[in-house]
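Data block below; observations after.
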Number of protein chains: 2
Amino acid sequence: MSVRMVILGLLSERPLYGYEIKQIIEEHMGDWTSIAFGSIYFALDKLAAEQFVEKVGVEQEGKRPSRSVYQITERGRAEFMRLLREGWRKFEREYFDVDICLFFLGVLPLDEVKGYLRARRATLQEVLNHIQAHRAEQLAHAEVPRLAGAIFDHSVTHTQAELNWTTDLLEKMETGIYP
Amino acid sequence: MSVRMVILGLLSERPLYGYEIKQIIEEHMGDWTSIAFGSIYFALDKLAAEQFVEKVGVEQEGKRPSRSVYQITERGRAEFMRLLREGWRKFEREYFDVDICLFFLGVLPLDEVKGYLRARRATLQEVLNHIQAHRAEQLAHAEVPRLAGAIFDHSVTHTQAELNWTTDLLEKMETGIYP
DNA sequence: CGTTATATATTCAATCTAGAATATATAACG
DNA sequence: CGTTATATATTCTAGATTGAATATATAACG
């Protein structure tokens, strides 16, 4: 549902075509979301069928592929607000593949797994550094909305949480508490 | 990929049929994973076509629907180990719908959003209490493998992280730092 | 100036997922 | 004992998602 939310949100500011939406997402939201081309065009089709958006025309620059521009409708604005309310209200549990790997610990040699955990720990530390550096850099530009800080903090918090958990698990494995 | 991993993992212990796999997942892994019927039967079909599992026969108790029992093959065991290695190695960034809602803050009245954040904070605290109680209860039974503790900790860590972030964001909104 | 790389714009096939629909068996209950 | 609820077992459809494939335009570079 977040695909629909992003598209309606961006279209609520001005009319856009598919490729442009992809570009905006990558440029302005790339740190905390990712949506494939297929998903965007699929969602635009569906939203148009539901009359939440409508095709306002087909532009073409020179001989480049023509582009279908969509604008949001009144119904679409209402739907966007509904989706936002739903998004704020719903709390989704998230699942981690690593938990499944851990559940089947014993299938792979223990030392091999410890190696993976050490690598994960290192990667997580790198990711954390990267996010924090990127955060500082982004927020130096005053143009970025203030809330961008909160969104960065979200990533930082969860990455730090994952790093803490990984470090703790590895320590318990190395001192023989686990498995 | 986690669907395949779970199925191959469970089949690596003994032959099972689809519904049984669903039951085991809900009973033993329900706290940290969830797989729908459709996904299980789809994956079994696919795994069979790839010769990672094979149908060993069709049981039937009385006049109940017959059940197709699958067992893992040697190729399947190798594939399972490959998937485990891949699972340990890959680090997947996760995205949160709430970040998108936050990006579009300003569309809904600010007080309404604050209300949602307070509700989220309360829900998160409840979820945290619930996990911790459940964790204590589960680990009291000595039969549960020791690593179950680590998996619970994973949920606890991330739920706590989410709670911390939410609390912080709300505080900044209430003291006027945000938006 | 010719060649290669990159950017523009969309479509498509392949895959995966959730959950309702189906159909029957047993348990529960007054 | 009849009715309702729940458990067993799978199938099926509708929907969603990804990433490659397609086709052209501009930039880069020696």
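The chains referred to below are lettered A, B, ... by the order of the sequence lines, with proteins before strands, and numbering in each begins at 1. Keep in mind that the numbers below use all heavy atoms, side chains included, and drop hydrogens, waters and symmetry copies.
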**Request:** Can you tell me the distance, in whole Å, between the CD1 atom of A:Ile35 and the P atom of C:dA9?
**Result:** 19 Å
**Request:** Return no unless some side-chain N or O of B:Ser39 is found under 4.0 Å from OP1 or OP2 of C:dC16.
**Result:** no
**Asked** How close or far is atom P of D:dT11 from atom OH of B:Tyr19, stated in whole angstroms?
**Response** 15 Å
**Asked** Does the pair B:Phe104 and A:Met81 meet the rule for a side-chain contact (heavy atoms from CB on, under 4.5 Å), with working shown?
**Response** CA-CA 10 Å; B:Phe104 293 115; A:Met81 292 177 78; over 6 Å; no
**Nucleotide nearest A:Phe37 (side chain, heavy atoms from C-beta), chosen from C:dT11, D:dG15, D:dT18** = C:dT11
**Prompt:** Any idea which of C:dG19, C:dA7, D:dT18 is nearest the A:Ala36 side chain?
**Reply:** D:dT18
**Request:** For the side chain of B:Arg67, starting at C-beta, report the closest nucleotide among D:dT8, D:dA20, C:dA18.
**Result:** D:dT8
**Prompt:** Can you check the A:Glu20 CD to C:dA7 P distance for me, whole Å?
**Reply:** 17 Å
**Asked** For D:dA21, which nucleotide in any strand shown is its Watson-Crick or wobble partner with both distances under 3.5 Å?
**Response** C:dT10
**Request:** Look at B:Tyr17 and D:dT10 and indicate whether a side-chain polar atom (N or O) is within less than 4.0 Å of OP1 or OP2.
**Result:** no
**Request:** Please state how far atom CD1 in B:Ile24 lies from atom P in D:dT8, giving the value in whole angstrom units.
**Result:** 12 Å
**Gap between atoms CD and C1', on B:Glu92 and D:dT17 respectively (whole Å)** = 14 Å
**Request:** Could you please name the partner base of C:dG19, counting Watson-Crick and G-U wobble pairs only when both distances are under 3.5 Å?
**Result:** D:dC12
**Prompt:** Under 30°, 30 to 60°, or over 60°: which ring-plane class applies to B:His154 and A:Trp165, parallel, tilted or perpendicular?
**Reply:** parallel
**Message:** Taking side-chain contact (heavy atoms from CB on, under 4.5 Å) as the criterion, tell me which of B:Leu44, B:Val6, B:Leu47 meets it with B:Leu11.
**Reply:** B:Leu44
**Between A:Gln23 and A:Tyr19: side-chain donor-acceptor atoms closer than 3.5 Å** = no
**Message:** Below the 4.0 Å mark, does C:dT15 have OP1 or OP2 next to a side-chain nitrogen or oxygen of B:Lys46?
**Reply:** no
**Request:** Check whether any side-chain N or O of A:Tyr41 sits under 4.0 Å from OP1 or OP2 of C:dT11, and answer yes or no.
**Result:** no
**Spacing between B:Ile21 atom CD1 and D:dT11 atom P, to the nearest angstrom** = 13 Å
**Prompt:** 5'-most contact on DNA chain D: B:Asp45 or B:Gln23, nearest heavy atom basis?
**Reply:** B:Gln23
**Asked** Who does C:dA28 pair with, Watson-Crick or G-U, both distances under 3.5 Å?
**Response** D:dT3
**Message:** Taking the six-membered ring for Trp, are B:His134 and B:Phe152 closer than 6.0 Å centroid to centroid?
**Reply:** yes
